[in-house]
Asks: 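Got a structure here, written out as structure tokens. Questions coming.
Letters go in sequence order (proteins before strands), and every chain restarts at 1.
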Amino acid sequence: QNTISNLPRKETLIVENPEGTIKNAGWFNIWAINAGGQSTGLHQLGMDTFWYIDPQKGVDGVWDNSLASEKPIYNADFTEMTVKLRKGIFWSDGVEFSAADIVYTIQTHMKTNGLRWSAPVQVNVAEVSAPDDGTVVFKLKKPNSRFHALFTVRWNAMWMMPKHVFEKVADPLKFDFNPPVTLGAYTLNSFDPNGKWFIWQKRPDWQRTTVARFGEPGPKYVAYVDPGPPDKRVIAQLNHELDIIHDVSPEGMFTLAKQSKTSHGWFKGFPYAHPDPTLPAVVLNAQNDMFKSRDVRWALALLIDIKAVSMASYRGAATISAIGVPPTGSAPEVYHAPLESWLQAFEIDTGKRKIKPYDPTIGKQIADSLRPSLGDQIPVSADDIAKSFGRGWWKPNPQAAAELLERGGFAKKGDKWFMPDGKPFAIKLMVEGEGRPVMTRAGSMIAQQWRQFGIDASTVVAQGSMIDRRQAGDFEAMITWSVETWGGHPDLSFFLDSWHSQFVAQPGKPQPPRNWQRWSNPALDKIIEQVRQTGFDDPKGLDLNREYVKLVVQEMPTIPLMSYNVFTVMDDTYWTGYPNAAAAPYTDPVPNWANTKYMMVKLKPKP
Amino acid sequence: MSALLEVEDVSRVYRTGGLFAARRVTAVDGVSLQLEAGRPEILTVVGESGSGKTTLARMILGMVPPSTGAIRFKGKDLADIRGSRARLAFMKEVQPVFQNPFEAFNPMKRLDRYLFATARRMAGVEGEAAIRDAADGALKEVGLSLAEVRGRYPHELSGGQLQRVAIARALISKPALLVADEPVSMIDASLRASIVNLLRGLRERRGVSIIYITHDLATAYYVSDRILIMRHGKVVESGEARAVLDDPQHPYSQLLKSSVLSPEVPPTGAAFHA
Amino acid sequence: MSEPVLTVSGLRAWYRTSAYGVSREVRAVDDISLSIAAGEIYGLAGESSSGKTTLIKTIANAIQPPLEVLAGSVVFRFGDRPVDIHRISREALGKIRWKHLSYIMQGSMNVLNPVRRVRHTFFDFAFRHIGRPKPEFLQVVRDHLQRLHLAPDVLDAFPHQLSGGMRQRVTIALATVCRPEFIIADEPTTALDVVVQKGVLAMIHEIQRELGSSIIFVTHDMAVHANLTDRLGIMYAGRLVEEGRTADIFRAPRHPYTAHLIASLPRLGDTAPKKGLDGAPPNLADPPPGCRFHPRCPRASDICRREAPPMAELSPGHRAACFHPEPERPA
Amino acid sequence: MGRILIDLLRFNRQFAVGLVLLAIVLGFALLSFFSPYPPNDSFVVPPDVPPSWAYPMGTTSRGQDLFWLLTFSIRNTLLFGVTVALISRLLALVIGLVAGYCGGLVDRALMSINDTFIVIPLFPILVLFYFVMKDHMSWGLLALMMACLGWAYDARLIRSVALSLRTREFTETGIFSGMSMRQILVEEHLPYVLPIVFSTTMNNINWSIGLEVTLSVLGFTDINTPTIGVLIYWANQHTALVAGIWWWIFFPVLLVILAFIGLFLLAVSMNEYIDPRSRLGRSGG
Amino acid sequence: MTGYPLYLLTRLGQFALVVFIGINIAFIVTHATPIDPVEQSIAAATQFGSTSPEAIALMRQSLKELYGLEGSLGDQYVSFWSRVATGDFGPSLSAFPTPVSTLIGRALPWTVALLVVSTLLTWVLGNLLGGLAGYYRRSKALRFAGILAMTFHPIPYYIVAFLLLIVFGYLWPVLPISGGYKMNMTRDWSWEFIGSVAAHAILPVLSLALVGLGGWFMGMRSLVSNIVTEDYVAYAELGGVERRRILGSYVMRNALVPQVTGLAMSLGSIFNGAIITEQVFGYPGVGTLLVSAVHVGDYSLVLGITTVSIVAVSVAVLLIDLAYPLLDPRVKAR
Ligand SMILES: Nc1ncnc2c1ncn2[C@@H]1O[C@H](COP(=O)(O)OP(=O)(O)OP(=O)(O)O)[C@@H](O)[C@H]1O
Ligand SMILES: Nc1ncnc2c1ncn2[C@@H]1O[C@H](COP(=O)(O)OP(=O)(O)OP(=O)(O)O)[C@@H](O)[C@H]1O
Ligand SMILES: [Mg+2]
Ligand SMILES: [Mg+2]
């Protein structure tokens, strides 16, 4: 039966909003921090800003000038950035968008504390001005070669406010912006006060928005819903009441693939999932004495059998990575492939001997082991295998691990390992639990492998408290990611800049995001400082980034595992034209990303 | 000569009825009486049903505090008997027989428990065998035996049997004062005679004072030293039992006496046949 | 005499338990036969625990599991057809109860529902049978209570607000308000003072006379028997030992136990000690062989120890179970 | 004692069936001591195999033999439920009976404490407790915590019965027989509240197991101790219900039901046994 | 002053004390949690983007000010009580600046409606069944019904809910499985809307009832098994009182006191919401609100919800105590 009333199902796209139930549904002021929902369609369909970088190939290249008509223009020492604006863009209430809106947005953030982008604006911007209606100039407080990132959408970016609406409001922090005046091709149609669903409808003047360059958005209505637990998402799609599932368990994906002819993922067959530009890893808390030694970190890596981890977490549907860059978007071409030979030659000294830990065939081994049960779903060409399952990883080597540990004064008594101080070698491996089931599974497999070696390892579910504990460094080891990239663009400063030792917090104090391992290294600091002097698209940057990759292979501050694969499942019953790996990699399918707006122009009703 | 029990102008008010429209019932209204220590006697309380006899008994037993007035046992005000040791000492000397034998024992529990407990705790008997003997002895006095009672539950005994068990239990601790609320109402005449004799024997041989509540004026006449006639919570007449019953002064006492049915078959047929 | 309303023949009802480590057989009613005519008040007296309540329960078919009827029948005759109360259906029994046959249990102060006002209890028990509209029904009840010297406001009371005696009277009212043809009453007046008791008895008698009902009346108070009942049965240790017209029994008891009972009756003004019976009452779980009274009987002989004496008619309407009855005394 | 048991078995079918059911479940739980696999290790057998001779209860998507895994889970879960129930029963009984018996000030004071526990909302407290305890959160602590939070409601029930028991005459007989307060509470009043205690015990076991599952489903659990909750947690993470791995849910639930019905039948028959009026009645008829 | 008024007064005092202590405990516990609403907000706001560490430090400072978390715990305690005294729980920290009372007010009607209906339904059915089964002990059908109720009782609620969902939402898709009403409906008192609300409530109510039935059933059954042996029941049977009436007015009526107490308390505690129901069926309500508030350390919201719940349960307990003499005439106002 129909879950939607009064709207033709055929003209409506129903999408999962992974935020779930929105506590404060009637709040659309996205500039107030977390006051309402974001991926309710609000930032996908209603917002806009200067630039978008696509995690995949993009509709028209990875880089898209959205509100801006050109790429950012920096001065030589990166203290000034000029933006040229696109003409003929209108707000949904008919007012024309202009540089005044930008200036208003920036100035409001400069003078109001506590707006979502107040802090980065206040830290960076000395002055903003609009020399003419189509140009905005930012004067920066200090050089910043990546300042444009603030306005470049990866998942989101700083969105532009309608001046004519907000200037009438006394306090922009206390204004609910309901109904929202949008720059995107859609406006709010209706929403559930209890936050279960939001329905957007195509603007009649969609042509006066930035996506119009790519054609008319397909769905007349888009509903963002809270579909409940994973099982229910599967049921909903089997009933064709949920066109895009944001994420589901691997098993849910397999079920849908088996039971529904119309459901499919990013890859046509196994492993289905879209590899997110994030890199789950075993993050070892470098401020813990246990993990201060590189030998210990390497020993722990050599105890992991990545094939088993891939099976346990994704049932094999994982894209593994031995290096500190997620194997997705442009990375395989820019990092994984070129570094392959270096990896194969890479050696470590266990104290007793030198070993070459890299096994380039592991991706293939995973594919081979799955082929008997999945048959022709599993690709055969080396290239396809590398894309789907990754390339190589570290070959399990307990012998070498033991040697490394012994060199550091660890000793095995009976079948248990003890630390140099005589205490049992025990590791609590923190996992997030329900929030990231697949990572939880990976963690429990890794703990099991360590346990089998004689380390007293156990998993700790930090349901709910994960964020605080990660921030405070209140963990020994943890499955999470501290590496996150643009995906489509190979620049790594997105995460790398915050790995600089200047930002490592004292034990117990909150650590700013990214460098959760609290690891610092002079060589890394040098790399980062050089990157800061290099432009975003400068090819010199790539070399620096590769040096980072080699450094972290040697040092192993975190043990990279795989990309975070998102099982986004799309149903063709009412709509076609979804992105996919083979024929249409124009964007990632994950519907909470703001670049979903590109998907709208590609979707067509099923004939 | 000191007093064993002094009841001084006690009253007891109960509140009944709904939440707000409470009604007050004066169950006992200014009753006084006194029992001397050195001179054990059987004091009979008779009266209309609902006249407060049971309430009076419960006050004497310290189960219900009087609303006004005071009760002293051996010079000590019952209100001052606090703490379990003092209570225990008091209970060793004052024992009850409750009016309704069907309610007096826990239906879930074997009867012998009460006997054994009383023997152990109240009479201080020690040793299994001695305790059994004490219980058996007391039961024999009321025409039962431990063999009959042992291991049985209250619902397995007849009303009269229960009443006798209750009496036997009270006797085990050899109290100084026995408060017996209609103890023989469900017992046949023959046994009743035995028990009444027993009460009398207790007074004579063991010096037990007894407050005996009954509707049976004939046994009252026979057994008691003094009598108290109650109506509507008040004592309407009291005095030496035989004197009062022979020649009641108060109209209610007279009515009471005249209402006693005689166990003779009236010559003209049954009393109501007329 | 017309057909008896109640005929009990060869009734045997024992308590038999054998479970959970307890195994016992109490022969509370052992081979009893009697019959009661219409309009007759039949008294039942006897030693405490001699089985009166059990007999009455069996007659009223208030049998709960450990009690078992092993033999005999209880036949009532309401109207023209005889019914064996142990062999009719539940529904049929339900129709008889209270309309024709009502029962006042021993310990009747405890039989009222503690959370139900007396008024509703009357509705539950009697409304169907009286078949009048509510106000009229209540009027009937009120009038009836009046006769028992109960104020009409007891109807609005909860049982615990009444004294023992009041509750007992309520139960009596409950059992008589439908004016049944047969009333079974087990010690209904034990908690009443003599004044009230006299009134209650008068009321019972009046109803009985008005309706020609029959009554079985159990009490230890021989004075009540003397004044109320027409005929009297005396029980001892599960058996009926003597039966006859009340006057006859009082005047000339034939069974030694009865003789003793009558002799030990207290009279107002007695000062000489009455003697109780020597020896202990028999244990019904293990009754003495032969005549159950023989261990305490002054007249016992060998045969009494061996054989159980049958009920025999010693003079017209006067039966006793004794090999050596007391001599007949002329009126 | 033996006699009683035999008689109970003979005369009370419910008791016999209940005992058999419980014996099955307990026996099953005891098998955990003979398990060939450590309970936390995964991928020791092929995953997703339906029940078969080799794997009588099938295998989970984590490659665990459900049969052996379940022996641990049911053992821990039952132990958990029983621990919570026992501790909280003790509290509820003592406080309920004492409050009802003593009345007056004691009652007022105890009931104030009691009510405070009743009104404290359970869920946030448990979750916050979990947050505070972090890695130290264990099965035992959770049990203790739940026992402390789970008695108040039943104490009130017990008190309400105890209040009226206090006014019964047999209590007075007990007092005048020299029984101590403890004796009266334990021997005289306890049998009356036992049926309630039985039923609340079962409800309490059920409640605690259910809450453990709920917390697990929500992710607040110590996944290193196999329990039914953890089992369901994992099943849930693998969307077992829609993936068709029904046995992963079916067998745990079946065992819980068996245990529970067993307890229920025992409680029912014990209720009958406690009251001699119905006990002696049964064997007669 | 004596008797009932005195009792009333002291009981009201006890009520106030319990509420006070309860709320204090809630305050202490919520503030003892390591979850910091500011860090949660920062994490959520920067989750997918890249924000420089300097910016984060600045953000932390301004959020602390904005949320009013600057003062000591003592100051917060004082300001909490001064607000609560006026019935105001302040702004939610995780949906700043929306008042907590607005958020609760939006969710509460759904919770109350769903849980009152299912609690009452379950209570009535469970007690009826338990009473019948306890009274007609030999009835095969009732025994079976009892076993059935007891079979559902121990199944983890989550599973029952999901099974229902699979059966009625997928295998035989006749009932809606998500939300409180159809999407895009106007919320008014039209029949269409009411019908939709009713249809959406069927599965949640059914699941709650299936699981909850056993508890009441068992409670009633064991209470009844005590009561049927009482004299007044036997006497009513002898009196030929209809069995229905005996069951209702004699047996079950006497067992009612504890059951009504239980009902009152369950009704009082519905203000905590039905977390799993809300999750599984995507039903709107306080439970989800509470869970999310606990997760993100939104003290104001947690305290708001718990305070409502504490007061509700206390009122229920108070009412029950005051009504006791009505329920059981033997119990006098003490
Ligand atoms: N707990 C109580 N609550 C309210 N009223 C009571 C209570 N106990 C007794 N009464 C009332 O007090 C009065 C005296 O009762 P009590 O039981 O003392 O009388 P009694 O003389 O023993 O009567 P009986 O001979 O019938 O047993 C009665 O009117 C009774 O209703
Ligand atoms: N449920 C039972 N189980 C076993 N024995 C019982 C049961 N009920 C009564 N008895 C026994 O049956 C015998 C007869 O009891 P019954 O109640 O009929 O005596 P009664 O003549 O009515 O005595 P009373 O005048 O004292 O009421 C007694 O010995 C009693 O102990
Ligand atoms: Mg009395
Ligand atoms: Mg009797």
Asks: Identify the heavy atoms of V294(E) and P124(D) that sit nearest to each other, and give their distance.
Replies: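 Residues V294(E) and P124(D), closest heavy atoms: CG2-CB, 4.2 Å.
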Asks: If you count heavy-atom pairs under 4.5 Å between each of V127(D), I228(D), L128(D) and chain E, which one has the most?
Replies: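 Of the options given, most contacts go to L128(D).
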Asks: Please indicate whether L171(E) has more than 12 foreign heavy atoms, meaning atoms of other residues, nucleotides or ligands, lying under 6.0 Å from its CG.
Replies: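 For L171(E), atom CG is crowded (more than 12 foreign heavy atoms under 6.0 Å).
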Asks: Give, for atom CD1 of I35(E) and atom CZ of F131(D), the distance between the pair rounded to the nearest 0.5 Å.
Replies: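 One gets 4.0 Å once the value is rounded to the nearest 0.5 Å.
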Asks: Give a yes or no on this: more than 12 heavy atoms of other residues, nucleotides or ligands lie within 6.0 Å of atom CZ of F28(D).
Replies: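 Yes, CZ of F28(D) has more than 12 neighbouring heavy atoms, counting only those of other groups under 6.0 Å.
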Asks: Less than 4.5 Å to any heavy atom of chain D: does that hold for the side chain of L223(E), its backbone, both, or neither?
Replies: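 Side chain only.
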Asks: I would like to know whether M111(D) and V18(E) meet side chain to side chain contact (heavy atoms under 4.5 Å, CB included); could you show each step before the answer?
Replies: CA-CA 10 Å; M111(D) 280 307 110; V18(E) 164; over 6 Å; no
Asks: May I ask you to name which of L163(E), L290(E), T261(E), V302(E) has the most heavy-atom pairs under 4.5 Å with chain D?
Replies: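 Among L163(E), L290(E), T261(E), V302(E), the one with the most close pairs to chain D is L290(E).
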Asks: Evaluate the side-chain proximity of I310(E) to I120(D): yes if any heavy-atom separation is below 4.5 Å, no if none is.
Replies: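 No, too far: nothing below the 4.5 Å cut-off.
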Asks: Using the side-chain hydrogen bond (donor to acceptor under 3.5 Å, both in side chains) rule, collect all pairs that involve residues 21-30 of chain E, keeping only residues at least two apart or in two chains.
Replies: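 Non-adjacent pairs meeting side-chain hydrogen bond (donor to acceptor under 3.5 Å, both in side chains): N24(E)-Y77(E), N24(E)-W81(E).
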Asks: Rounded to the nearest 0.5 Å, what separation is found between the CZ atom of F117(D) and the CD1 atom of I21(E)?
Replies: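 F117(D) atom CZ to I21(E) atom CD1 measures 10.0 Å (nearest 0.5 Å).
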Asks: Quick check for you: among G297(E), G22(E), G215(E), which has the greatest number of heavy-atom pairs under 4.5 Å with chain D?
Replies: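 Highest number of heavy-atom pairs under 4.5 Å: G215(E).
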Asks: Within a radius of less than 6.0 Å around OH of Y136(E), do more than 12 heavy atoms belonging to other residues, nucleotides or ligands occur?
Replies: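 Result for OH/Y136(E): enclosed.
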Asks: Do Q279(E) and L218(D) have side chains that approach each other closer than 4.5 Å (heavy atoms only, starting at C-beta)?
Replies: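 The answer is yes, as the side chains (C-beta and beyond) meet within the 4.5 Å cut-off.
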Asks: What donor-acceptor contacts under 3.5 angstrom involve side-chain atoms of residues 241-266 of chain D, with partners at least two apart or in another chain?
Replies:
residue, atom, partner, partner atom, Å
W247(D), NE1, T59(D), O, 2.8

Asks: Please walk me through it: do M202(D) and H153(E) pass side chain to side chain contact (heavy atoms under 4.5 Å, CB included)?
Replies: CA-CA 10 Å; M202(D) 300 208 15; H153(E) 193 45; over 6 Å; no
Asks: Considering residues at least two apart in sequence or located in another chain, which fulfil the side chain to side chain donor-acceptor pair (under 3.5 Å) criterion with N114(D)?
Replies: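 None.
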Asks: Would you say F123(D) and V291(E) make side-chain contact, with heavy atoms under 4.5 Å?
Replies: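 Contact flag for F123(D)/V291(E) side chains = yes.
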Asks: Could you pull out the closest heavy-atom pair between G219(E) and S199(D), with the gap in Å?
Replies: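 Of all heavy-atom pairs spanning G219(E) and S199(D), the closest is CA-OG, 4.0 Å.
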Asks: Could you have a look at V268(D), L194(D), I196(D) and say which one has the most heavy-atom pairs with chain E under 4.5 angstrom?
Replies: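 Heavy-atom pair counts peak at V268(D).
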Asks: Which of residues 154-161 of chain E have a heavy atom under 4.5 Å from any heavy atom of chain D?
Replies: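 So far as heavy atoms go, P154(E), I155(E), P156(E), Y158(E), I159(E) are the residues that approach chain D to under 4.5 Å.
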Asks: Is any NZ, NE, NH1 or NH2 atom of the basic residue among R108(D) and D321(E) found under 4.0 Å from an Asp or Glu carboxylate oxygen of the other?
Replies: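 Salt bridge: no.
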Asks: Is any side-chain heavy atom of T200(D) closer than 4.5 Å to one of M218(E)?
Replies: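 M218(E) does not reach T200(D) side chain to side chain.
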Asks: Considering all heavy atoms of both residues, which atom of V119(D) and which atom of S314(E) are nearest to each other, and what is their separation?
Replies: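 For V119(D) versus S314(E), the nearest heavy atoms are CG1-OG, 3.1 Å.
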Asks: Return the OG1 to CG distance between T116(D) and L17(E), rounded to the nearest 0.5 Å.
Replies: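 The CG atom of L17(E) is 6.5 Å from OG1 of T116(D), to the nearest 0.5 Å.
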Asks: With a 4.5 angstrom heavy-atom cut-off, which part of V132(D) approaches chain E: side chain, backbone, both or neither?
Replies: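 For V132(D), backbone and side chain are both near chain E.
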Asks: Which bit of N206(D) is near chain E, if near means a heavy-atom gap under 4.5 Å: side chain, backbone, both or neither?
Replies: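 For N206(D), side-chain heavy atoms alone lie under 4.5 Å from chain E.
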Asks: What heavy-atom pair brings Q14(E) and S112(D) nearest, and what distance separates the two atoms?
Replies: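 Closest approach of Q14(E) to S112(D), heavy atoms only: CG-OG, 3.1 Å.
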Asks: How many angstroms lie between CZ in F162(E) and CD1 in I232(D), if you round to the nearest 0.5 Å?
Replies: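 One gets 12.0 Å once the value is rounded to the nearest 0.5 Å.
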